[in-house]
Amino acid sequence: FRSIKYMTTSGQKVLDGIKKTKDLDEKLENDLKNAIDDFNKTSNYINKEEDIRKSRSPFDLLKEGEGQKLEIKGQVKWDIGKKLNIGKWSRNDDLLAEICKTITSFLNSNNGTIIIGALEKDKWQELLDKNEWRYINQGDYSVIGINNDVEQQPKGDRQQKFTQDIITKLMSSLEPQYPDKLIETQIANIPDSNLKLFTIWVEKSPGKSGYYFNKKFYVRRGDADIPL
């Protein structure tokens, strides 16, 4: 009888152990399902956020002002400051270099948008008015467009050459290589105007090594591009 009782008790322990293991497996399975659901919700939110950003016009986005995911630039190559102050266009390669730094910081930090063709209103509006320069105010910015940058290009498809200038600079200075699948560009007209804005959409690189511009590694911190 003792043997039978011992076998019965042992058998019950085994059954209890199996039940606990089954309960644990079910808990792990539920936890895994919940984790996957949370991940999908987060991914859907991020994708939805990016879709909303791309669905909005660059002109409308100017109302938000600069931040972690948005950078606003005036020109690409030709310095409007020199034009307004001394009366002639002057090439300034630092302007394009600053844009490339921002692209690099977005690649290394988070998805981001760069809008080119708008100046800070409080710094530029008086000078623009003095020179009777054509612009449209939007938020904290005076929109001058990229028209003058485009017009300085050689004859032919000037808009395409304008875009190619930026891509060529990135291809020659970005390491390890130009990520064409992570960068999109667009030239868009401002409603009720012949002014144009240039937009660059940048996706964060999925790789771990990151990107370097002119041998320097940049990250986005607020509205600034920080070299590390």
Side-chain angles (χ1 to χ4, degrees), residues 53-54 56-106 109 111-153 158-170 183-202 213 218 220-227:
R53 184 171 290 275
K54 285 189 177 183
R56 294 174 61 188
S57 72
F59 188 68
D60 186 41
L61 281 175
L62 290 174
K63 295 178 183 178
E64 293 187 7
E66 293 183 329
Q68 183 69 31
K69 295 186 176 183
L70 182 61
E71 178 74 15
I72 299 167
K73 300 289 189 184
Q75 301 284 269
V76 171
K77 185 187 294 183
W78 300 96
D79 195 333
I80 189 171
K82 295 285 183 66
K83 175 65 174 176
L84 294 175
N85 284 299
I86 64 176
K88 67 177 183 179
W89 287 108
S90 176
R91 178 169 172 157
N92 185 349
D93 290 331
D94 289 341
L95 297 174
L96 180 52
E98 290 299 315
I99 293 170
C100 292
K101 289 177 186 177
T102 302
I103 292 173
T104 308
S105 71
F106 283 149
S109 303
N111 296 358
T113 303
I114 304 170
I115 299 173
I116 303 171
L119 303 169
E120 292 178 79
K121 186 165 56 177
D122 59 347
K123 293 181 180 180
W124 290 91
Q125 186 170 341
E126 184 177 346
L127 192 56
L128 290 168
D129 288 338
K130 182 179 178 180
N131 286 266
E132 298 182 351
W133 202 268
R134 179 184 51 180
Y135 66 90
I136 301 173
N137 282 332
Q138 176 75 323
D140 294 329
Y141 296 88
S142 295
V143 181
I144 59 171
I146 58 165
N147 301 52
N148 293 293
D149 248 326
V150 172
E151 288 169 6
Q152 301 301 317
Q153 297 290 332
R158 288 176 169 159
Q159 288 192 174
Q160 182 178 0
K161 291 177 180 178
F162 170 85
T163 303
Q164 194 60 41
D165 266 355
I166 298 176
I167 294 174
T168 300
K169 179 68 174 178
L170 280 169
I183 298 175
E184 296 180 47
T185 62
Q186 179 192 65
I187 295 178
N189 291 317
I190 297 173
D192 303 319
S193 169
N194 65 347
L195 296 176
K196 301 176 186 293
L197 287 172
F198 186 68
T199 306
I200 305 172
W201 291 292
V202 185
F213 173 70
Y218 291 89
R220 190 73 172 176
R221 294 290 183 267
D223 61 357
D225 305 313
I226 308 298

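What's counted below: heavy atoms across the whole structure, side chains too, no hydrogens, waters or symmetry copies.
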query = What's the shortest heavy-atom distance between D60 and R56, and which atoms?
reply = OD2-NE, 3.0 Å
ask   = From S57 OG over to I115 CD1, what is the distance, rounded to the nearest 0.5 angstrom?
value = 8.0 Å
ask   = Do Q75 and N92 have a side chain donor and acceptor closer than 3.5 Å?
value = no
remark   = Taken to the nearest 0.5 Å, the spacing of L128 CG from K121 NZ works out to 12.0 Å
query = What's the verdict on side-chain contact (heavy atoms from CB on, under 4.5 Å) for V143 and Y135, showing C-alpha distance, side-chain angles and the deciding distance?
reply = CA-CA 5 Å; V143 181; Y135 66 90; 5.8 Å; no
request  = Before accepting this row, confirm whether a basic side-chain N of the pair D93/K77 lies closer than 4.0 Å to the acidic partner's carboxylate O.
outcome  = no
request  = State, to 0.1 Å, how close I144 and L195 come at their nearest heavy-atom pair, and which atoms those are.
outcome  = O-CD2, 3.4 Å
key: Q186 atom CD: more than 12 heavy-atom contacts under 6.0 Å   = yes
Gap between atom CG of N111 and atom CD of Q68 - 0.5 Å precision = 11.0 Å
query = With a 4.5 Å heavy-atom cut-off, do L197 and L62 have their side chains touching?
reply = yes
request  = Verify side-chain contact (heavy atoms from CB on, under 4.5 Å) between W89 and I80, making sure each step is shown before the conclusion.
outcome  = CA-CA 7 Å; W89 287 108; I80 189 171; 4.0 Å; yes
inquiry  = Contact between D192 and I136 at the side-chain level, heavy atoms closer than 4.5 Å - yes or no?
reply    = no
query = Any idea how Y218 and F213 line up, ring-wise: parallel (<30°), tilted (30 to 60°), or perpendicular (>60°)?
reply = tilted
query = Can you tell me if R158 uses its side chain to pair, donor with acceptor, with the backbone of D149 under 3.5 Å?
reply = no
ask   = Taking the side chain from N147 and the backbone from N194, do they hold a donor-acceptor pair closer than 3.5 Å?
value = yes
Any donor-acceptor pair under 3.5 Å from T163 side chain to Q159 backbone = yes
Closest contact, heavy atoms only, I183 versus I200 = CG2-CG2, 3.8 Å
request  = Calculate, to the nearest 0.5 Å, the distance between atoms OG and NZ belonging to S109 and K69 respectively.
outcome  = 11.5 Å
request  = Determine the minimum heavy-atom distance between G74 and I116, stating which atoms define it.
outcome  = O-CG2, 3.9 Å
request  = Keeping the roles fixed (side chain from D223, backbone from E71), state whether a donor-acceptor pair exists under 3.5 Å.
outcome  = no
request  = Could you check Q153 against D165 for side-chain contact (heavy atoms from CB on, under 4.5 Å), going step by step and ending with a plain yes or no?
outcome  = CA-CA 10 Å; Q153 297 290 332; D165 266 355; 2.9 Å; yes
task = List the steps, then state whether side-chain contact (heavy atoms from CB on, under 4.5 Å) holds for I72 with Y141.
result = CA-CA 9 Å; I72 299 167; Y141 296 88; 3.4 Å; yes
request  = Give a yes or no on whether D122 atom CG has more than 12 heavy-atom contacts from other residues, nucleotides or ligands under 6.0 Å away.
outcome  = yes
key: More than 12 heavy atoms of other groups within 6.0 Å of D140 CG   = no
inquiry  = Given 3.5 Å as the limit, does a donor-acceptor pair link the side chain of E151 with the main chain of I146, or not?
reply    = no
request  = Indicate whether the side chain of D225 and that of T102 have a donor and an acceptor atom separated by less than 3.5 Å.
outcome  = yes
inquiry  = Just verifying a value: how many Å separate R220 CZ and I226 CD1, rounded to the nearest 0.5 Å?
reply    = 9.0 Å
request  = Please report the shortest heavy-atom distance between C100 and L170, naming the atom on each side.
outcome  = SG-CD2, 3.8 Å
task = Taking the side chain as every heavy atom from C-beta outward, state whether W133 and L127 have any pair of such atoms under 4.5 Å apart.
result = no
message = Donor-acceptor check, side chain of Q138 to backbone of F59, threshold 3.5 angstrom: yes or no?
response = yes
query = Quick one: NZ on K73 to CZ on F198, what's the gap to the nearest 0.5 Å?
reply = 14.0 Å
